[in-house]
Amino acid sequence: MAESMKGLRRSHRCAEVSKAQEGRMVTVMGWVQKSRNKGGIIFTDLRDRSGILQVIFEECDCGAEVFEKAASLRSEFVIAVEGTVTARQGAVNANLKTGDIEVRAKGLRILSESETPPFPVEAGSRTREEVRLKYRYLDLRRPDIQHNLMVRSQVAALTRDFLVQEGFLEIETPTLIKSTPEGARDYLVPSRVHPGSFYALPQSPQLFKQLLMCSGYDRYFQLARCYRDEDLRADRQPEFTQVDMELSFVDVDDVLDVNERLLKKLFKEICNYDLQLPLLRLTWQEAMDRFGSDKPDMRFGMELKDVSDVVKDCGFAVFQNALEAGGSVRGINAAGQAGMPRKKIDALVEYAKGFGARGLAYLAILEDGSYKASFAKFMKPEELDKLAAAMEGKPGDLLFFAADKNTVVWDVLGNLRLELARQLDLLKKDEYRFLWVTEFPLLEYSEEEGRFMAKHHPFTMPMEEDWNLIDSDPGAVRAKAYDIVLNGTEMGGGSVRIHQADIQEKMLEVLGFTPESAHEQFGFLLEAFRYGVPPHAGLAYGFDRMVMLMVGADNIRDVIAFPKVKDASCLMCEAPAQVDVSQLDELGIGVKKETAQTDLRQE
Ligand code: ASP
């Protein structure tokens, strides 16, 4: 029978007990990690979120009744132990914080019994993730996940502290808002009071934080839950948390400055890593040209080189065709890899095809200085010399080339660069290489939609010097937008916002909004802008990703208490689920037969 807490008070968490309490009585509570009965003596490892403490039951200390009760202890029972702290009699366990002591029990209460759990509660579990997520409440007991969530809480607290010190106000914005189809797909919530109408869950607090600036709140922040109904990738969740902020009377440098100081504080306190400020800054163009990515991993070199000029008159049709079509030929140098087996090279060519490459040309510079190239027969020896020289190729190096339109070349080589780094083990987890990527294109042409779309969002300020191109060459207009990138992951991003009505109207027009449709969607923002709006700018971090990078987790689910899986469902509570017909009736909603798995409305 489960006993109560009556008259008991916990004096310490398990791993808080130390030599300092030697000879004193403590009261500790937690879960039984394991309990071994060695005849006259029972060793019980007691666990809570602080760690593990060894408890010893011996009849001479605790009496027959307690000893008998202790003999019934099994893994995951919840118990309270009163006992005396003593130096460890057996060997000191250097792996445990409490490895030099033990508690000799006098009293024991079994607060709750446990069935045998479906998997052992231990760090580094090899249990399948689906099983762990189904029993997430047990999985969350594991020390590695507990560590992640404790760090997460600490990062949140430090962030709040820092921003409050810097004069930011924490303000909540609503989560039942109006749907704005620009951006990702919204999660919709039906309204009962207004049948046929829907709220949307926010993809970010964007419009509200801009309104707060209009209202004079100056510096705002929020740890905001955001929702995006996208197909999930490994580091995405349908609901996620942003550290969201907005500042008035600022330009790009002000936002970057306060955020660099925030990051410095966080990485010092959490990772004991000294960030050198100011952080590196690359324009988007430079990032693409040098790394083929707008979120380059700076832990290694292997930079892209544009060799279009070098190969422009050579006889290799693949290069020629790409250049004639307005594309480029670029390469990377996998230094020292000339001996890579053919099979491995072929696998890399296949990998490149996954990013739209029609092929991947390669050239190995052998130790004797001769070449082995997939395109050798199309080029003269002196052309090959020039190409190798342009790539700073030395004997022993392996060069890869992609020829296509720029976007494809960047994507192919950017990803190949990363794949090679993974294969060559160049990505060290304890190295933190930050950079800002700035001056993103304002717009991005969508083949699918047949129009320009906002690269960041429709409220992002164009660069003053490019604005005159908005009609003649919209794709060339750069934005006052910036991303913060760590080790090849976009950790956050933001922009200076448009605060001038004429620029905002023009921007919406370029994005294909009519004055009516713009009014319909963002009318309240446009209207607010008529009553005095300060210049403002902001940024949001993906908080889950940030914590994931800080704790070195491979997976965003490992830093979220109750995450969803790839198909956006929760394996534990089984959301989403069908609802009762009466609930749907109240909302005036019917489910189409072909979409319902089992149509509740079929009578
Ligand atoms: N709201 C933006 C986003 O979620 C960030 C920002 O511009 O502040 O990406």
Side-chain angles (χ1 to χ4, degrees), residues 159 163 168-175 177-187 200-214 217-230 233 235-248 250-252 254-259 262-263 284 294-295 436-444 453-463 478-486 489-499 504 507 511 521-522 525 533-546 556:
T159 302
L163 291 174
F168 284 77
L169 299 170
E170 183 169 7
I171 301 176
E172 285 149 287
T173 53
T175 54
I177 65 169
K178 186 168 162 178
S179 177
T180 50
E182 190 77 8
R185 209 176 288 114
D186 281 329
Y187 275 99
L201 301 178
Q203 296 187 25
S204 83
Q206 188 62 34
L207 297 181
F208 292 94
K209 69 173 172 173
Q210 290 195 241
L211 289 172
L212 288 171
M213 295 304 107
C214 293
Y217 289 89
D218 220 69
R219 288 182 158 212
Y220 135 98
F221 84 98
Q222 181 181 194
L223 270 71
R225 192 62 65 84
C226 305
Y227 305 82
R228 296 184 189 172
D229 187 1
E230 294 173 301
R233 296 203 303 260
D235 61 348
R236 291 258 168 102
Q237 282 280 309
E239 55 177 310
F240 59 98
T241 306
Q242 283 189 342
V243 176
D244 188 43
M245 65 181 78
E246 195 76 10
L247 303 81
S248 290
V250 292
D251 210 336
V252 175
D254 305 288
V255 181
L256 270 46
D257 170 67
V258 76
N259 279 286
L262 168 63
L263 291 170
W284 177 86
D294 59 5
K295 41 179 190 314
W436 292 103
V437 177
T438 62
E439 300 181 14
F440 276 78
L442 182 69
L443 304 162
E444 197 170 34
M453 315 266 286
K455 180 134 176 97
H456 188 47
H457 50 56
F459 315 107
T460 294
M461 180 83 102
M463 287 179 63
R478 291 166 300 166
K480 286 192 165 188
Y482 33 75
D483 274 359
I484 179 77
V485 176
L486 170 57
T489 300
E490 178 205 328
M491 211 164 66
S495 59
V496 175
R497 324 299 183 188
I498 299 169
H499 72 281
Q504 186 66 73
M507 179 71 181
L511 294 175
Q521 273 192 41
F522 323 110
L525 183 76
V533 42
H536 57 290
L539 176 140
Y541 294 95
F543 184 60
D544 313 280
R545 260 192 228 180
M546 184 168 171
I556 205 157

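What you are looking at is a predicted structure, and each value in this text was computed from that prediction instead of being measured. We count ligands from 1, going down the list as the structure has it; atoms in each ligand are counted the same way. Heads up: numbering here begins at 1 and tracks the sequence.
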Atom indices of ligand 1, in the order listed, that fall short of 4.0 Å to a heavy atom of [X]:
X	answer
S204	1 (N), 4 (O)
R228	3 (C), 4 (O)
G494	6 (C), 7 (O)

Using distance alone, with no hydrogens and no angle criterion, decide if Q222 and T173 have a side-chain donor and acceptor under 3.5 Å apart. yes
Aromatic plane relationship, W284 with F440 - under 30° parallel, 30 to 60° tilted, over 60° perpendicular: tilted
Using heavy atoms and a threshold below 4.0 Å, how should the contact between R497 and ligand 1 be classified: side chain, backbone, both, or neither? side chain
Just heavy atoms, cut-off under 4.0 Å: does L539 contact ligand 1 by side chain, backbone, both, or neither? backbone
Check whether any heavy atom of [X] sits under 4.0 Å from an atom of ligand 1.
X	value
H457	yes
H456	yes
E490	no

Student check: side-chain heavy atoms of R545 and I556 closer than 4.5 Å: yes
Check: Q242 and P205 side chains under 4.5 Å, non-hydrogen atoms: yes
Tell me the protein heavy atom at minimum distance from [atom], and give that distance in Å.
atom	result
atom 5 (C) of ligand 1	G493 O, 3.5 Å
atom 4 (O) of ligand 1	Q242 NE2, 2.9 Å
atom 1 (N) of ligand 1	Q206 OE1, 2.7 Å
atom 8 (O) of ligand 1	K209 NZ, 2.6 Å

Please determine whether salt bridge (Lys or Arg N to Asp or Glu O under 4.0 Å) holds for the pair E490 and K295, giving the CA-CA distance in whole Å, both sets of side-chain angles, and the decisive distance to 0.1 Å. CA-CA 6 Å; E490 178 205 328; K295 41 179 190 314; over 6 Å; no
Among Q504, H536, E246, which one satisfies side chain to side chain donor-acceptor pair (under 3.5 Å) with R497? E246
Can you tell me if OH on Y187 sees more than 12 non-hydrogen neighbours from other groups inside 6.0 Å? yes
Donor-acceptor contact present, side-chain D254 to main-chain D251, <3.5 Å: yes
